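A quick note: this is a predicted structure, and the numbers were derived from the prediction, not measured.
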Amino acid sequence: MIEKIVTVKHRAGIHARPAALIVKTANQFASDFFIEKDTMRINGKSIMGIITLGASYKTDLKIVLEGDDEQEAADAIEQLFVNRFEE
């Protein structure tokens with residue numbers, strides 16, 4: 001299992017477009033993927049779940065991945081946050 005803290009650097013926070021990019025990237029991997037914010041834990045492969053987090057600019061989120069390709073998945077998802085969702 002891999003756990004990483006990522007920070008939302010996109011000024012508009014996570015809305016539909018960034019959520020779709022996260023889901024599209026996550027679905028390229030077999031690993032289970034969850035995002036945690038405060039006491040919420042959602043399926044990271046669900047657009048609606050991601051949007052319900054209400055993650056705004058500079059929010060820290062924990063990404064949790066578990067599976068055979070967890071490292072590759074974690075790196076790919078973390079890169080989305082680093083690149084501000086290709087802003």
Side-chain angles (χ1 to χ4, degrees):
M1 178 169 56
I2 294 177
E3 296 181 352
K4 290 186 177 191
I5 301 296
V6 295
T7 303
V8 179
K9 296 179 180 178
H10 190 279
R11 291 224 178 250
I14 297 182
H15 52 84
R17 190 175 126 336
L21 282 172
I22 293 168
V23 170
K24 180 180 177 185
T25 301
N27 279 322
Q28 295 172 2
F29 301 95
S31 294
D32 291 330
F33 170 45
F34 299 95
I35 302 175
E36 297 179 0
K37 177 185 170 222
D38 302 324
T39 59
M40 293 179 67
R41 178 180 172 114
I42 58 94
N43 180 346
K45 294 184 178 184
S46 164
I47 290 176
M48 290 309 296
I50 293 171
I51 291 172
T52 62
L53 285 174
S56 58
Y57 180 57
K58 293 190 177 179
T59 298
D60 288 332
L61 302 172
K62 183 192 293 186
I63 59 172
V64 181
L65 295 106
E66 189 168 4
D68 293 338
D69 55 2
E70 62 190 21
Q71 186 62 59
E72 296 86 356
D75 292 343
I77 292 162
E78 182 179 33
Q79 201 59 42
L80 288 175
F81 284 86
V82 169
N83 292 335
R84 296 184 176 118
F85 307 104
E86 302 171 3
E87 178 180 49

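- Leu65 and Ala73 make their closest contact through CD2-CB, 3.5 Å (heavy atoms, listed as atom of the first residue, atom of the second, distance).
- Under the 3.5 Å distance criterion, with hydrogens and angles disregarded, no donor-acceptor pair is assigned to the side chains of Asp75 and Gln79.
- Shown here for Phe34 and Asn43, the closest heavy-atom pair between the two residues is CD2-CA, 4.0 Å.
- Closest approach of Val23 and Gly44 over heavy atoms only: CG2-O, 3.8 Å.
- Interatomic distance, NZ of Lys45 versus NZ of Lys24, reported as 15.0 Å (0.5 Å rounding).
- Counting heavy atoms of neighbouring residues, nucleotides and ligands inside a 6.0 Å radius, atom NZ of Lys4 exceeds 12 of them.
- With Asp38 contributing its side chain and Met40 its backbone, the two residues share no donor-acceptor pair below 3.5 Å.
- At least one side-chain heavy atom of Phe81 sits less than 4.5 Å from a side-chain heavy atom of Ile22.
- Residues satisfying the ring-ring contact (aromatic ring centres under 6.0 Å, His included) criterion with Phe29, sequence neighbours excluded, are absent altogether.
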task: Would you please test His10 and His15 for side chain to side chain contact (heavy atoms under 4.5 Å, CB included) and show each step?
output: CA-CA 10 Å; His10 190 279; His15 52 84; 3.5 Å; yes

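- Hydrophobic clustering places Ile42 together with Ile63 (ILVMFWY residues linked when any side-chain heavy atoms are closer than 4.5 Å, directly or through intermediates).
- Here the closest heavy-atom approach between residue Lys9 and residue Arg84 is recorded as O-NE, 3.4 Å.
- Partners of Ser56 under the side-chain hydrogen bond (donor to acceptor under 3.5 Å, both in side chains) rule, at least two apart in sequence or in another chain, are Thr59.
- When the side chains of ILVMFWY residues are joined at heavy-atom separations under 4.5 Å, either directly or via intervening members, Val8 and Leu21 end up in a single hydrophobic cluster.
- Atoms CD1 and CZ, from Ile35 and Arg41 in turn, are 11.0 Å apart once rounded to the nearest 0.5 Å.
- In terms of heavy atoms, Pro18 sits closest to Gly13 at CG-O, 3.9 Å.
- Among residue pairs with one or both ends in residues 49-78, none qualify as ring-ring contact (aromatic ring centres under 6.0 Å, His included); sequence neighbours excluded.
- Remark: of the listed residues Thr7, Ile5, Val6, Val6 is the sole one forming a side chain to side chain contact (heavy atoms under 4.5 Å, CB included) with Leu61.
- The shortest distance between side-chain heavy atoms of Ile14 and Leu53 does not fall below 4.5 Å.
- Considering Ile77, Ile2, Asp69 as possible partners of Ser31, the one that fulfils the side chain to side chain contact (heavy atoms under 4.5 Å, CB included) test is Asp69.
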